[in-house]
Number of protein chains: 2
Amino acid sequence: MKMSGGVEWGLHCCVVLSAADEPVVAAKLADLHDVSPTYLAKQLQLLSRAGLVRAAPGQSGGYLLTRPATEITVLDVVEAIDGSQPAFRCTEVRRRGPMAIPPERCDTPCPIAQVMDSADRAWRESLRAVTIGALAATVTATTPRELLDSARAWLSA
Amino acid sequence: MKMSGGVEWGLHCCVVLSAADEPVVAAKLADLHDVSPTYLAKQLQLLSRAGLVRAAPGQSGGYLLTRPATEITVLDVVEAIDGSQPAFRCTEVRRRGPMAIPPERCDTPCPIAQVMDSADRAWRESLRAVTIGALAATVTATTPRELLDSARAWLSA
DNA sequence: GATTATTTACTCGGATACAGTGTGTCCGAGTGCGTTAGG
DNA sequence: CCTAACGCACTCGGACACACTGTATCCGAGTAAATAATC
């Protein structure tokens with residue numbers, strides 16, 4: 001099981017965007033993180049479709065958050081990029097093969113699927129509890145002031 | 001994000017094995033669940049490597065659990081088949097690009113990785129809380145007696 | 001009749017092809033800004 | 001001097017190849033049981 005590597009990029013981009021008041025161009029975000037510009041563009045488009053960021057077209061355009069960073073959860077970003085479907089999908093093995101349980105007697109969901117769904121909910125709940133704003137706060141608290149300032153300056157340049 | 005479909009098969013197989021006192025042949029498990037025999041063999045080999053099941057070779061051989069079903073957690077099976085690595089892998093984007101944080105100042109782990117790891121732990125904890133024995137108990141409790149008996153009979157045939 | 005070497009059929013195990021999704025890339029449509037011509 | 005139309009450069013958006021992991025498969029090595037010959 002492996003989640004799309006674009007999730008990490010998307011989260012970093014959202015944190016950066018939360019600190020910028022002006023639209024930031026996709027290419028600049030790619031340069032900052034030293035990743036493929038075209039592929040990161042794809043991820044940003046996914047964020048745009050999900051309504052988390054807004055694309056300002058035209059000259060001096062770029063991306064900016066649509067909501068305050070404290071109202072965007074990590075789960076939002078993960079689901080926008082990696083999809084919202086659970087990792088485990090029950091194929092109802094019970095109803096197949098020679099010992100198949102007849103569908104009319106299958107009133108209760110498969111116990112295995114129940115366990116998996118429960119774990120999946122716990123995972124999502126854990127991600128929903130943290131917002132981009134909280135992430136940004138941690139970053140600003142743990143990073144030396146000078147680095148933050150120089151980064152912001154480089155971003156505006 | 002998608003987990004290997006073999007996980008579902010492996011769990012079903014473990015539940016079946018917990019109800020059988022004699023070794024069960026891989027081909028019979030495949031027939032029972034109506035899945036690819038050769039591919040399910042691969043999953044059983046993974047379970048064998050992980051030490052969850054034991055392969056009895058030779059005539060009248062087959063697979064059987066190495067421990068009581070109540071001492072095998074769902075997480076054990078998931079990790080045996082799907083691997084134990086977390087879904088999210090931090091690539092340390094902070095240390096790349098023009099605004100890279102120098103490694104010597106990177107004493108605290110990346111906040112994003114922290115959140116992801118926390119969610120991953122919650123997920124694993126949820127799966128660790130349920131054993132194959134508990135699953136089997138639920139199955140026996142929710143499935144009509146006659147179906148269980150016929151299934152056991154078919155398995156021994 | 002008991003013992004033992006042999007044959008046999010069956011099991012699992014690892015090495016080998018195919019497919020689907022994720023990864024990475026490209027070019028075209030659309031939009032705001034700067035310029036310039038006109039009033 | 002102000003206004004408005006124009007062109008342009010820049011932006012994002014969706015359509016297009018490539019790669020890697022997961023899926024599915026096959027054949028060979030090993031083992032326990034059944035068999036038959038021997039003592």
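Just the heavy atoms: all of them, side chains too, but no hydrogens, waters or symmetry mates, feed the values below. Lettering of chains follows the sequences in order, A, B, ..., and the numbering in each one begins at 1. Model, not experiment: these values are computed from the prediction.
Checked against side chain to side chain donor-acceptor pair (under 3.5 Å), Q45(A) has no partners two or more places apart in sequence or in another chain. For the side chain to side chain contact (heavy atoms under 4.5 Å, CB included) test, residues two or more places apart in sequence or in another chain that qualify with S18(A) are L65(A), A69(A), I132(A), A136(A). Not counting sequence neighbours, the partners of A30(B) by the side chain to side chain contact (heavy atoms under 4.5 Å, CB included) test are V35(B), P37(B). Looking at residues two or more places apart in sequence or on another chain, you find a side chain to side chain contact (heavy atoms under 4.5 Å, CB included) between T70(B) and P68(B). Under the side chain to side chain contact (heavy atoms under 4.5 Å, CB included) criterion, S118(A) pairs with R121(A), S126(B), sequence neighbours left out.
The list of ring-ring contact (aromatic ring centres under 6.0 Å, His included) pairs with a residue in residues 46-81 of chain B, not counting sequence neighbours, is empty. Residue pairs satisfying the ring-ring contact (aromatic ring centres under 6.0 Å, His included) criterion with at least one member in residues 27-61 of chain B, sequence neighbours excluded, are listed as follows: W9(B)-Y39(B), H12(B)-H33(B).
Residues from residues 11-48 of chain A placing a heavy atom under 4.0 Å of any atom in DNA chain D, listed by number, are V25(A), A26(A), K42(A), Q45(A), S48(A). Heavy-atom distances under 4.0 Å link DNA chain D to A55(A), G58(A), G62(A), Y63(A) of residues 50-66 of chain A, given in residue order.
Reading DNA chain D from its 5' end, the first and the last nucleotide to sit under 4.0 Å from a heavy atom of chain B are dT23(D) to dA33(D).
Counting only distance, with no hydrogens or angles, the side chain of D76(A) and the backbone of T73(A) share a donor-acceptor pair below 3.5 Å. A donor-acceptor pair under 3.5 Å is formed between the side chain of R124(A) and the backbone N or O of S84(A).
Within a 6.0 Å sphere centred on CG of D21(B), other residues, nucleotides and ligands contribute 12 heavy atoms or fewer. Environment of CZ in R152(B): sparse, with no more than 12 heavy atoms of neighbouring residues, nucleotides or ligands closer than 6.0 Å.
Using a 4.5 Å heavy-atom cutoff, the side chains of V7(B) and M116(A) are in contact.
Residue contacts for G5(B): at a heavy-atom cut-off of 4.0 Å it reaches the sugar-phosphate backbone alone, with no base atom in range.
Computed from coordinates, the M1(A) CE to dG22(C) P distance equals 14 Å when rounded to whole Å.
Connectivity analysis of hydrophobic side chains (ILVMFWY, heavy atoms under 4.5 Å, direct or indirect) links I101(B) to L147(A).
Annotation: the terminal axes of the helix from dG1(C)-dC39(D) to dG39(C)-dC1(D) meet at 10°, where each axis is the rotation carrying the C1' atoms of four end pairs onto the next four (5 pairs per end, rounded to 10°).
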